[in-house]
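Below is one structure, written out as structure tokens; the observations come after it.
Every chain is numbered from 1 and lettered A, B, ... according to where its sequence line falls, protein lines coming before strand lines.
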Number of protein chains: 2
Amino acid sequence: MGPGKADLLERIADTGSISAAGRAMGMSYKRAWQLVEVMNAIFARPLVTSSRGGAAGGGAVLTDDGQRVLFLYRQLETRVAEAGADELAELTTLLRDMSDGK
Amino acid sequence: MGPGKADLLERIADTGSISAAGRAMGMSYKRAWQLVEVMNAIFARPLVTSSRGGAAGGGAVLTDDGQRVLFLYRQLETRVAEAGADELAELTTLLRDMSDGK
């Protein structure tokens, strides 16, 4: 898992569509499907289920595991960011100021 | 900064030598120097200073900023790992068991 896959899961939950989710991230249909296939393969049970075609044009939903993984990933991001905030802030003060583009 | 650069800083502090530090990580002399140059460039002040040649064969030391950056990075790793431990543990239980190599 990483930020790209988490964003894709979130957008699939929002849009009900793998292709729409990918499109919202500037990602090809093929790439979005590949990422879903990778996630479904690395987790014990699928994170996303999809149906093709039909009057509604198919659709995709997060499974219970998909929703849980997305929740845990977001919580991890938040907790980690909070936990490391002081160190990151001080590291930032030690970095060269590149805001002028030099 | 990342784990490789932090490890390199730590080994430079231990060995007093950029090449010995790189060697301990299975890294070429050139690669180790490149990483040091990158770190010295992205931070406002150098993290490593080195002297070449001489009877002692030159040497390298972490500057005050280098020591501080290494400390902050290690602290960040520890705090982040602690903060995310519960989520990571649960995510791990949701992953496919690949321990049999399949």
Side-chain angles (χ1 to χ4, degrees), chain A residues 1-10 12-13 34-49 61-102, chain B residues 1-10 12-13 34-49 61-102:
Chain A
M1 285 298 295
K5 292 197 189 78
D7 288 351
L8 187 63
L9 284 184
E10 192 164 304
I12 290 169
Q34 280 176 341
L35 289 177
V36 168
E37 280 167 7
V38 167
M39 286 190 277
N40 283 349
I42 61 178
F43 284 91
R45 293 174 295 271
L47 304 191
V48 177
T49 54
V61 293
L62 300 196
T63 62
D64 286 352
D65 276 17
Q67 292 175 40
R68 187 70 188 159
V69 165
L70 179 57
F71 170 79
L72 289 169
Y73 189 83
R74 292 305 187 207
Q75 189 152 287
L76 186 62
E77 285 182 320
T78 304
R79 291 199 170 170
V80 156
E82 286 170 359
D86 289 351
E87 288 78 14
L88 280 177
E90 189 178 339
L91 279 170
T92 302
T93 67
L94 295 173
L95 288 171
R96 181 182 296 274
D97 179 9
M98 299 201 192
S99 57
D100 60 359
K102 284 177 198 167
Chain B
M1 286 298 295
K5 293 196 189 78
D7 288 350
L8 187 62
L9 284 184
E10 193 164 305
I12 290 169
Q34 280 175 341
L35 288 177
V36 167
E37 280 167 8
V38 166
M39 287 190 278
N40 282 349
I42 61 177
F43 284 90
R45 292 174 294 273
L47 304 191
V48 177
T49 54
V61 292
L62 300 196
T63 62
D64 286 352
D65 276 16
Q67 292 175 41
R68 187 71 188 158
V69 165
L70 179 58
F71 169 80
L72 289 169
Y73 188 84
R74 292 305 187 207
Q75 189 153 286
L76 186 61
E77 285 182 320
T78 304
R79 291 201 170 169
V80 156
E82 287 169 359
D86 290 349
E87 288 77 15
L88 279 177
E90 189 177 340
L91 280 170
T92 302
T93 67
L94 295 173
L95 287 172
R96 181 183 295 275
D97 178 8
M98 299 200 193
S99 58
D100 60 0
K102 284 177 198 166

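- Considering all non-hydrogen atoms of both residues, B:Leu95 and A:Phe43 come closest at CD2-CE2, 3.5 Å.
- To the nearest 0.5 Å, atom CG of residue B:Leu88 and atom CZ of residue A:Arg79 are 11.5 Å apart.
- Contact record, A:Leu72 with B:Glu87: O-CG, 3.7 Å, taken as the closest heavy-atom pair.
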Requested in this report: Evaluate side-chain contact (heavy atoms from CB on, under 4.5 Å) for A:Arg45 paired with B:Leu94, printing each intermediate quantity in order.
Outcome: CA-CA 8 Å; A:Arg45 293 174 295 271; B:Leu94 295 173; 3.9 Å; yes
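- Ranked by heavy-atom pairs under 4.5 Å with chain A, the list B:Asp65, B:Leu47, B:Val80, B:Thr78 is led by B:Val80.
- Only the backbone of A:Ala41 comes within contact range of chain B, judged by heavy atoms closer than 4.5 Å.
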